[in-house]
Amino acid sequence: MVARHIKTAGLVANTTTSQKVSDIVKGVIHDIRADGDKAVRSYSEKFDKWSPPSFKLTETQIQECISKVPAQTIADIKEAQKNVRTFAEAQRASIKDFEIEIQPGVFLGQRNNPISTAGAYIPGGRYPLLASAHMTILTAKVAGVKNVIACTPPISGQVPNATVAAAHFAGADEIFLLGGTQAIAAMALGTESIKKVDFIAGPGNPFVAEAKRQLFGEIGIDLLAGPTEILIVADEYADPFTVATDLLSQAEHGPDSPPILITTSEDVGQQTIKFVDQILKDMPTAELAGTSWRDFGEVVIVDSLDEAYELADVYSSEHVQILTQNPREALEKMRNYGSLFLGEKTCVSYGDKCIGTNHVLPTRKAGRYTGGLWVGKYLKTQTYQEVVDEKASGEIGRLCARCSRAENFEGHARSGDLRAHKYLQDSYSW
Ligand code: NAD
């Protein structure tokens, strides 16, 4: 493959910074494990300058928040949630319990049971990411999770009213105004005032992702959904202004959100670079978007679309947008991505905010081994077995005994012997 960069990233991943984040997170988790609410409050004061009498919102406070949100925003939240719910319900319907009779009288089955208690993290350090409430809380509720606890940080000391409204309409059972590692650790470990959950889902900054990583095992997690990424595959039919606009739509998430373009057209590549610079001149979020573009943006020229797909699979980006003459072919050609956006009439922002697919997606190449958040992540696929036929039980007993003794498991073997004796009158020597 001959791939040629006409714009390279200004930075490479900084392992010193990652180590620093990891150390901070480790300390916060340690202290919350030891001191519960006291440590939660102290870290909320330290990192967010936030220490209300209670982090949990009362029903009255929730209604006050809702009353401050413009009517159009409430209507939009409800419409976006309708789309997310409809898609999640279709996902739920696609997951089937089943039972087979693997041989006469031997039944094997599978059930999908919801997790009992889930924590939903809704990011809010920089922007009130209220759409994450639809994605985490609603999806859990469609899966059948009984208790969903939502945590979201204040934004510059202010209550994010629209996020609270979205969390409430999505069906959160409790809402806490708490952010970062302290929120993740409090939900994972439980404190005097915050219930311990079994599972935490939701995106977040490197502190949130690292906290989930360190606590995984004590709790389940959805995936490591770190800083947003976008990769666009474009051919000569793509409109460079659209390419530039869509790259920057994701670069504005933060200063570390990689926007990548892989194109078969050098002209599209060069024009995109020009348009990015032009759009950044008066984009209100240019500081973040421009930093991401400068430090992590790449434009790569390849000889064919097959090469573009192959390279895109190596990047394994969170969002992959296909701006080519025949975008659907990417469904067959690509394997590694969080979500695919096919053609110019859709875009990553639709998925982020309202189209109905889940926007909590794998980053940092996790798309190689997982998809994004969906109903199935809130379900435990559990198996069972029943043998109702005596002869079958005795025969499986003989097989089990031989298999067990091949592994030197005498105790296991005797469970098989016992049944072979009982149902087939085999003799046994122990
Ligand atoms: P956030 O809610 O994730 O983080 C804010 C919290 O970080 C604060 O409450 C604070 O406690 C903590 N924090 C900040 N600086 C700290 C420090 N120096 N030490 C310890 N803790 C500190 O909100 P955010 O920062 O705006 O980040 C949201 C992230 O979510 C963005 O990176 C965005 O790209 C990402 N995102 C990812 C997806 C996905 O599916 N992958 C989806 C949406 C958003």
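Side chains included, hydrogens not; waters and symmetry mates left out as well; all remaining heavy atoms used. All ligand and atom numbering here is 1-based and tracks the order in the structure.
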So, R33 and E218, do they make that salt bridge, N to O below 4.0 Å? yes
Pair E210 + R213: basic N to acidic O under 4.0 Å: yes
Which option, G226, P362, P123, owns the non-hydrogen atom nearest atom 35 (C) of ligand 1? G226
Tell me the nearest of I184, V28, D48, D222 to atom 9 (O) of ligand 1, using heavy-atom distances. D48
Using distance alone, decide if ligand 1 has a nitrogen or oxygen within less than 3.5 Å of any nitrogen or oxygen in G124. yes
Would you please classify the geometry between the H412 ring and the F409 ring as parallel, tilted or perpendicular, with 30° and 60° separating the classes? tilted
Give a yes or no on whether a salt bridge exists between K141 and D173, defined as a side-chain N under 4.0 angstrom from a carboxylate O. yes
Just jot down the ligand 1 atoms closer than 4.0 angstrom to any heavy atom of G125, in number order. 1 (P), 2 (O), 5 (C), 23 (O), 24 (P), 26 (O)
Answer yes or no: are there more than 12 heavy-atom neighbours, outside I102 itself, under 6.0 Å from its atom CD1? no
If we number the atoms of ligand 1 from 1 as shown, the ones under 4.0 Å from a heavy atom of E318 are 38 (C), 39 (C), 40 (O), 41 (N)
Kindly check if the number of other-residue, nucleotide or ligand heavy atoms within 6.0 Å of OH (Y127) is above 12? yes
Among all protein heavy atoms, pick out the one at the shortest distance from atom 5 (C) of ligand 1; state its residue, atom name and that distance to 0.1 Å. N205 ND2, 3.5 Å
Does only the side chain of P153 get under 4.0 Å from ligand 1, or the backbone, or both, or neither? Count heavy atoms. side chain
Please confirm whether the ring centroid of Y378 lies under 6.0 Å from the ring centroid of F199. yes
Name the option, out of F47, F207, Y121, Y43, that contains the heavy atom nearest to atom 1 (P) of ligand 1. Y121
Taking only heavy atoms of V360 into account, list the atoms of ligand 1 that are under 4.0 Å away from them. 40 (O)
For A225, atoms of ligand 1 separated by under 4.0 Å from a heavy atom: 39 (C), 40 (O), 41 (N)
